[in-house]
Amino acid sequence: MTGNSDKIRSLFLTALMVFSVFAGTVAFSGGAAAAANVSVDQAVEYNSGTVELAFDGGAGSIDDNDVTVFVDGNENPSNFVSGSNPSVDSTDDGSNGRLQINLDGDVQPNRNLTIKVSNLTGGDGTVVAEDIDVTSTSITSFTSDSARSYNINVYRGETVAVVNDTNGGNVFVEEDQGSIVSDDTYADNSQVYTVDTEDLDSGQRYNVSVSPQNDSAGEAGFKLSDLDLNVEADDNDITDEDDVIANVTITRGGQPANATLFDDNGDKVDTIVKDRLSGNDETDFIFDNISSYDGFDADDGPYTINVTDNQTGVTASTDQINVSEAGDGDASFESSVVNDERGDVVNITYQLDNEDEAVVFVGDDDDDNYAISGTIEDDDGDGEVTVSFNSYLAGTSNISGISASDILYVDGDDEITGVEEAGSFSRSNLDDETIEASSYNLNVTAGTSQEDSADSVGTLRLNERSTENFRSWVAPQDAELDDDDIDIRDRIGQNLTQSNDIAEGDIVVHQIVSSGVEGPLAYEEEVNSSSSTTQAFLRSTVGGDNNNDVFNLTVNRSDVGANADEDPLILNSSNVVVVDDPDNNTYFVAVETQNANFESGTAIRDDDEDDELTANFTVSEDTGLSDDNDAAEVDYSIVDRDATIDTTNGLVLVQAAADQQLTGTTTVAPGSEFEVEVESESDSNPFLDRPEATVTTDGTFSATADFSDYSAGTNFTAQTLDVDGDELGDEEDGQITDADTATVSISDQESDGSEVVVDSAQLSAGGFIAIHAGNASGDVVGNSEYRDAGSHEDITITLDEPMDEDFTAVAMPHLDTNGNEAYDFPDADGPYTANGSAVTDSANVTIAAEDTPEDTPEDTPEDTPEDTPEDTPEDTPADTMEDTETETTEASGPGFTAAIALIALVAAALLAVRRDN
């Protein structure tokens, strides 16, 4: 509710208002108490701190001591008045009816300005001008073109001061090349006229002229823009425990603004001042929840927030904000039983209802001899908070460099505070035994009190860790496996393939499935500021930068011969990339073989012989995570980087046609992309082409080239080029042969829509006949079975779906390019071509209707004699009466049935004669 000081000030100003005197034709919102012989006709602040009081007569000479300034009820505030009194202009000291007071600061339009003048003649010698008009823009020059103000930008809602240099005179405001907006006079003894722009049009330019002036009559102008101050409640339906938020946008930023929260009675709850609004983004004013304000509750709603741009005084308000009393808060678990392994980071999700905060406990200092707790807060408002518990670090908050908030923490927008460990279990260093594999109590309580009984309880089942699997994979040497935009598992089958043969230069990927590794890596990233998972992994291995030897990965050359030590591969940040999948306890450790050497100094495949390697992953018993050395290993070989192009009788054979396949096999990683270079050996028919090929999962490749422009009999060479452009494998000789040829013929025909007949086709290499609808680019609506090489006639092709309208059928012979005798177009089996175009022939297919007359003569004589005698006596009288609702006499007698049969036979005979005609 309103404080006592506000109420007293309000009563004081109200009393003054009772005696205020207003000028009828002058824009003046202030009033004055006529206690002296003079009164104030107009009071205006302009020019960033100049105040004019225009009296209705001479007030005598007024000095500084006679003037008191009040800003928002504060007397002579130091930021507006130096010392104890403001400064009175020596010329306009009131004796001529005008008093000019010079303040030390600009009063903004949102402030309340009141001035009291004392020691005047008459009454108690006092005049008070309150609620003085505070302008934000002043127009002062109307003389020469160079001095005139034509391009002043004014925002609608501002009050503009038009300043003359003499008392009195006329002022005109008119639209640019438009009508007059205002034709008025200055108040007596005044040099300031105020223009309220609230009702003027945005986007319009206005001209202002005054007369007379001491110099000469003149004109100035301003352009009016819309401030676009918009205020919306972040949520119009909240509880008394939710923050009250106003989202503010405005065209002109950089200026201060006030936001005031009012209840339904207009009582001020709170005011927030911001130094500047943003002109590019939303500005939020966030008030505390209603229940936090003394004397206010949900019943005082609905509430409203008013936001005022201080520079212009423009104000905008939210719609009503409905506040209801919040229900009792509740907290629970997304899953009351959480399973994980010792050493991993356990994620526990809590759900909050009618509550933003809750106290959480992991463990119990009595039952488990260990507990860690904290207060969570749902800052993003989604009703849940996920807390991470690093079980590897449990009991280490007393170790230098590790805090309790490194053990129990929250990622994302939510937060946790006040984290503390308790219980007798603690560790003096990271090599001590970690927290045991056991079941631990979980509980959560809504609110912030740890004394309240838990709302929900759960169980954390912490199981023993283990290393489950170790496999080797291969990836192309240029693969970026740690690209965050591509999930590592999405690469499987694309450029990540399980293999025990790794081509020299490719990337060998060690897939380690091991639990308990997540916690040490999180420690390195969260506490020791590792920049990546790779750095955290390397730091955690034996001999790492931080000597935190949790586990070890070694890759040893095992084919060193008798009486020789294994030769380990040097693994470091220059050749190792680690991609983690902690949800599946899986870690992909990629080693770039082209950047790796053995400790002996020997390079991989230095002697051009395959290197046999054994990779071993071990979690040491000295880490406190394992009772013994938990290890797994995998063997693989580094093989020659090679490729072989397929040949026939020692030659790479292609036809003088498009879409010719050059195939082969290679040892390089599936997913690798390289080129097959084909170069002519003929001076009369030269060409050089490099079609691309991608290695498939089975180690094969295929490149597609166009030889249709080259002559049959031309010789060429084919050479595989590696991903870096170097030659790969042996060069092969090749030759262009005659292209396969085909002919096809189809005639116009009638069809029931289910099939078409191709008259003839000749296929030099066998294949299929496809039927396209409409034209050669139309949909394939059917195709023949595989046909051997040679001539074929009367080929009946069943359509995929029956056609119900006439259409043009385009017959097109296709090759069997992959040799599987199955039609696989468009993936394979391209069409036969001639002169660069597909071989085709077309025909009109007419869909014939069913020939129903042929069936009637056969059916009628047989069916009618049998059916009519039985059905007619029973059905006809009943149906006729139901349909016509007309009284009918039933025919009977021994001759009636025979008559009906005779009529039926005559009708059938007539129908047959009619059809024959």
Side-chain angles (χ1 to χ4, degrees), residues 340-345 388 390-393 401-402 406 411 430-431 434 465-473 475 479-484 486-489 491 496 507-556 568-593 595-596 599 613-626 629-634 636:
D340 218 319
E341 287 76 34
R342 182 164 67 122
D344 278 334
V345 176
S388 298
N390 190 335
S391 63
Y392 169 71
L393 294 180
I402 302 176
D406 296 322
D411 291 325
L430 291 175
D431 291 336
T434 63
R465 63 149 309 279
S466 62
T467 300
E468 300 293 335
N469 203 347
F470 196 8
R471 292 190 292 180
S472 61
W473 300 68
E480 296 181 6
L481 298 176
D482 57 346
D483 186 347
D484 292 337
I486 305 176
D487 187 273
I488 185 68
R489 294 188 180 275
R491 297 176 177 275
L496 185 62
I507 299 174
V508 57
V509 181
H510 307 84
Q511 182 190 19
I512 303 167
V513 181
S514 182
S515 57
V517 174
E518 184 182 3
L521 295 183
Y523 162 70
E524 289 294 344
E525 291 193 70
E526 302 295 335
V527 181
N528 285 338
S529 302
S530 292
S531 60
S532 64
T533 303
T534 299
Q535 186 179 34
F537 188 92
L538 292 173
R539 284 181 171 183
S540 298
T541 57
V542 173
D545 295 342
N546 289 346
N547 294 320
N548 183 31
D549 302 338
V550 180
F551 45 78
N552 197 21
L553 174 64
T554 60
V555 179
N556 291 314
L569 201 64
I570 299 174
L571 305 178
N572 52 41
S573 58
S574 68
N575 56 33
V576 172
V577 172
V578 179
V579 181
D580 63 336
D581 179 16
D583 291 341
N584 295 298
N585 292 325
T586 303
Y587 303 86
F588 296 88
V589 182
V591 178
E592 299 171 351
T593 59
N595 296 324
E599 283 190 359
L613 301 180
T614 298
N616 180 278
F617 178 78
T618 304
V619 176
S620 173
E621 63 181 345
D622 297 331
T623 63
L625 280 174
S626 178
N629 287 334
D630 179 25
E633 66 181 30
V634 64
Y636 55 86

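Atom set for the values below is all heavy atoms of this structure, side chains included, hydrogens, waters and symmetry mates excluded. This one's a predicted model, so the numbers in the text were calculated from it and none came from an experiment.
In this structure, CZ on Arg465 lies 5.0 Å from OG on Ser515, to the nearest 0.5 angstrom. Within the model, atoms CG of Asp580 and OG1 of Thr533 stand 4.0 Å from one another, a figure rounded to the nearest 0.5 Å. With rounding to the nearest 0.5 angstrom, the CG atom of Leu521 is 12.5 Å from the OH atom of Tyr523. Here the straight-line distance linking atom CG of Asn584 with atom CD1 of Ile488 works out to 12.5 Å at 0.5 Å rounding. Atom OG of Ser532 and atom CD of Glu525 lie 7.0 Å apart (nearest 0.5 Å). Atoms CD and OG, from Glu633 and Ser472 in turn, are 12.0 Å apart once rounded to the nearest 0.5 Å.
Counting heavy atoms from C-beta on, the side chains of Ile507 and Val591 never come closer than 4.5 Å. The shortest distance between side-chain heavy atoms of Leu571 and Leu553 falls below 4.5 Å. No side-chain heavy atom of Leu496 sits less than 4.5 Å from a side-chain heavy atom of Gln511. In this structure the side chain of Leu393 reaches within 4.5 angstrom of the side chain of Leu430, judged on heavy atoms. Contact of the Thr467 side chain with the Val513 side chain is not registered, since no non-hydrogen atoms from C-beta on lie closer than 4.5 Å.
Checked against ring-ring contact (aromatic ring centres under 6.0 Å, His included), Tyr587 has no partners two or more places apart in sequence or in another chain. Under the side-chain hydrogen bond (donor to acceptor under 3.5 Å, both in side chains) criterion, Glu468 pairs with Ser466, not counting sequence neighbours. For Ser573, the side-chain contact (heavy atoms from CB on, under 4.5 Å) partners are Leu538, not counting sequence neighbours. By the salt bridge (charged side-chain N to carboxylate O under 4.0 Å, His left out) test, Arg489 pairs with Asp581, sequence neighbours left out. Residues meeting the salt bridge (charged side-chain N to carboxylate O under 4.0 Å, His left out) test with Asp411, sequence neighbours left out: none. Applying the ring-ring contact (aromatic ring centres under 6.0 Å, His included) test to Tyr636 and every residue at least two apart in sequence or in another chain returns His510.
Paired with Tyr392 under the rule side-chain contact (heavy atoms from CB on, under 4.5 Å), one option of Val345, Thr434, Asp344 passes, and it is Thr434.
Atom CD of Glu480 is surrounded by 12 or fewer heavy atoms from other residues, nucleotides or ligands within 6.0 Å.
Across all their heavy atoms, Ser529 and Arg539 have their closest contact at C-NH1, 4.1 Å. Listed here is the closest heavy atom pair of Leu625 and Gly516: CD1-O, 3.6 Å. Residues Phe470 and Phe617 come closest through the heavy atom pair CE2-N, 3.7 Å. When all heavy atoms of Pro520 and Val550 are compared, the closest pair comes out as CG-CG1, 3.6 Å. Across Asp482 and Val579, no two heavy atoms sit closer than the pair CA-CG2, 3.9 Å. Taking every heavy atom of both residues into account, Asp406 and Asn390 meet most closely at O-CB, 4.3 Å.
In summary, the side chains of Asn528 and Ser530 do not present any donor paired with an acceptor at a separation below 3.5 Å, with no hydrogens or angles considered. Residues Asn552 and Thr554 bring no donor and acceptor atom of their side chains to less than 3.5 Å of each other.
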Should Thr541 and Phe551 be marked as a side-chain contact (heavy atoms from CB on, under 4.5 Å) after you check the CA-CA gap, both sets of side-chain angles, and the distance that decides it?
-> CA-CA 5 Å; Thr541 57; Phe551 45 78; 3.6 Å; yes
Test log, rule side-chain hydrogen bond (donor to acceptor under 3.5 Å, both in side chains), inputs Thr618 and Asn616 = CA-CA 7 Å; Thr618 304; Asn616 180 278; 2.6 Å; yes
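Relative ring orientation between Phe588 and Trp473 is described as perpendicular, the plane-to-plane angle rising above 60° on a 0-90° scale split at 30° and 60°.
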